[in-house]
Undergrad: 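Next up is a structure, given as C-alpha cells.
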Amino acid sequence: APEPLAEDGHGGMDLTDVPVRWHVARDPEFRDIAARGRALALPQLAHSVHPRVEGLDPATDYYYQFTVGRQSSPVGRFRTLPAAGAEAESFSFGLVSCQAWYHGHFTAYRHLAEEEDLDLVVFVGDYIYEYGITETNLWRQGAAVGPAHEVEIETLEQYRLRYALFKSDPHLQAVHARVPAIAVWDDHEVQNDYWGTLSDTGIPEDLFAHRIAVAYRAFYENMPLDVTALPDGPDTDITTGFDVGALARFSLLDCRQFRDPEPADREEQYAPERTMLGTAQEEWVTGRLTDTPATWNVLANAVVLAAIREQTYGQWDGYPAARQRLLDAMAESSNPVMLTGDIHKHVAAELLADFTDPGSGTIGVELVCTSVASDGDGSADAGNPDLWLDHEHVKLYDGRRGYVHVRLTPQEMISSFVVVDWVEADDTAPKQLAARFTTPAGDPQLIPA
Ligand SMILES: [Fe+2]
C-alpha cells in the first residue's frame, strides 16, 4: 500500500483490480523456487489476497514474497508442518493477545521476534480495539494520530484503517515476517463485550448485524485466514485446526459469534442448554478431542476457562454447563492445553475435571497470556491478584505486559511467561522471565521450572 494510513481504508490504492504474483522459495534470495502463482487483489477485499499454496514438502523451511509490478513485499518465512502422524522432536510458539496500539509500544513483539526457537504465533483476540483514539487514551509516547482515528470505529473503511494503524508497528511486522500466524477473535474485533448478535451498548440488532459483518470482513482481509473463512454477511467460520505430526493437535475456537447472551438470573446461567460455542462448533471440537492421535491437544480461545468468579459472566464462568461439557471432552484427550487471553494478565491454571469438586483431579492446564500493550505499563500485582491466587488451581498471576513462549516435545511442555516493565515511554524495556513451568506429558500439571 503506497499510503497505508489513507483515511478511506484503502491504503492509497486506486479502486481497481491489481494482479499480484507470489513466490515460495527454499532460500531467502529466491533462487530455488518451490511454488509460484498469481492472485487478483480486489478493492472489495481491500486488495488482500489469500492464496493457497500446495505441493510443498513437510517439515521444511521456506521463504515467501508478493510482487506487484516492480514492487516486492518484505520476505516472510515459515516452516511447513511435519507429515501426518510423523514424530516431531519439538514445536514452539508465541502466545499473544490484546494489542491496544495506543496504550504502548509493542516491545513484547520485539522480543518475541528474536526468540530463537519459534515456529508459530498464536493470537487469541483483541488484535485491534474499536475505541476512538484521543489525548486521553494515547499513552504510546511519540505517537500521534489524526482526526480519522478519534471516533469509535463503525464502518468497513474505519475497521480497515484500524488494522492498518496497528499493523504499522515494526515489531508486529517483524513477528509476522518471522513465523506464520493463527488467530481467533475476541470482542474488540467488533465491539467491547458483545454477545453473539447483541451489542452491549444497545445498538439495535439489525444495525449491529451490519457492524458485525464489516468487522468480520476487515478481520478476514487482514488476518492469514483460508478462503473458507470469507464472511457471508454477519456469518463466518474462523474455527479451524491442524496437526503437528503426532506431537500436537491445535483447534481454534470462536467464543463470540455463537455465545448465548448475558444471563438474566442464576437459573439461566446454570441452564444445561446454555452455550458458549454453539451446537455445531461444540460438536466439532468434541470430535477433535475424543478422537485424536496427538500427544498434546491444544485449544486456542479468547476467554478464561478455569473457574474464578461466578459473576464473571463474559468468561466460561458464565457458561458452567458448557464448560463442564468441554472439560469432559478435554479429559478424553491426552494432555489438553487451553490457550487464552482477554484479561491483560499472565495467569497459569490447572484445569480440574469438575470445578465444583476440588477433589476431582487435574485433567489439563490453561495458559493465559497478558496483553502486549493494553492497559499500558502495568505492574506484577496490578488488578486483583487475590481474586485469582486464592484458588489453589491458579499457579501464577502477573499484571505486566508480555507474551508466553511455549515449547512442546513428546516428553513435556515448557511454558515461559515473559514480561517487560514498561511500554508507554518507548520500546526499549528488556525482557524478563516472570515464571516458567514444565508440564510432563501424561501428568498435566504446572511444575515451576
Ligand atoms: Fe483486551
Side-chain angles (χ1 to χ4, degrees), residues 94-109 112 121-133 136-140 149 152-153 159 162-163 165-167 169 172 175 181-195 199-201 215-216 218-219 222-223 238 252-257 259 262 276 300-306 308-309 312-318 338-347 366-379 382-384 387-388 397-404 417-420 423-424:
L95 171 64
V96 291
S97 79
C98 296
Q99 50 181 22
W101 177 92
Y102 45 84
H103 274 178
H105 294 268
F106 288 175
T107 318
Y109 288 140
L112 179 59
V121 59
V122 182
F123 294 92
V124 284
D126 295 355
Y127 193 95
I128 61 160
Y129 283 78
E130 80 282 15
Y131 300 124
I133 302 173
T136 317
N137 63 4
L138 183 53
W139 305 343
R140 174 188 273 238
H149 304 272
E152 177 165 333
I153 55 175
Y159 277 98
R162 190 52 61 94
Y163 280 97
L165 177 66
F166 282 31
K167 284 187 157 191
D169 184 280
L172 175 59
V175 167
I182 57 171
V184 296
W185 52 42
D186 194 17
D187 53 340
H188 290 286
E189 279 83 353
V190 180
Q191 191 194 31
N192 183 43
D193 282 348
Y194 81 102
W195 307 74
S199 158
D200 203 49
T201 59
Y216 286 0
F219 182 85
N222 281 280
M223 302 305 283
I238 60 162
L252 278 61
L253 301 178
D254 176 351
C255 291
R256 282 287 159 190
Q257 190 176 183
R259 62 163 62 190
E262 186 169 356
M276 171 70 98
N301 104 132
V303 294
V304 170
L305 180 64
I308 301 299
R309 195 180 72 112
T312 307
Y313 303 123
Q315 298 175 182
W316 285 87
D317 274 325
M338 178 61 97
L339 309 177
T340 304
D342 178 45
I343 58 170
H344 307 173
K345 312 286 186 297
H346 274 326
V347 166
E366 180 167 25
L367 310 177
V368 186
C369 66
T370 189
S371 65
V372 167
S374 307
D375 290 341
D377 287 344
S379 62
N384 191 352
L387 169 70
W388 295 78
Y397 178 99
D398 196 300
R400 288 173 284 183
R401 309 286 72 86
Y403 63 90
V404 186
F417 290 77
V418 176
V419 293
V420 293
V423 294
E424 294 174 29

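Note that ligands are numbered from 1 as they come in the structure, with each ligand's atoms numbered from 1 the same way.
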Undergrad: Using only atom types and a distance under 3.5 Å, with no angle test, would you say the side chain of Asp193 pairs donor to acceptor with the backbone of Thr201?
TA: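 Not confirmed, Asp193 side chain does not pair with Thr201 backbone.
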
Undergrad: Could you tell me which N, O or S atom of Asp126 is nearest to the Fe ion (ligand 1)?
TA: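 Output for this pair reads OD2.
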
Undergrad: Would you give the angle at the Fe ion (ligand 1) between Cys98 atom SG and His344 atom NE2, to the nearest 10°?
TA: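 About 90°, to the nearest ten degrees.
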
Undergrad: Kindly compute the distance separating CD (Glu130) from CD (Glu189), expressed to the nearest 0.5 Å.
TA: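 Atom-to-atom, Glu130:CD and Glu189:CD are 9.5 Å apart.
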
Undergrad: Calculate, to the nearest 0.5 Å, the distance between atoms CH2 and CZ belonging to Trp195 and Arg259 respectively.
TA: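 With rounding to 0.5 Å, CH2 (Trp195) is 5.5 Å from CZ (Arg259).
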
Undergrad: Give a yes or no on whether the backbone of Val423 and the side-chain of His103 come within a donor-acceptor separation of less than 3.5 Å.
TA: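 Flag not set: sc His103 to bb Val423 has no pair under 3.5 Å.
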
Undergrad: With a cut-off of 2.8 Å, does Tyr129 put an N/O/S atom close enough to the Fe ion (ligand 1)?
TA: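 Checking Tyr129: at least one N, O or S atom is under 2.8 Å.
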
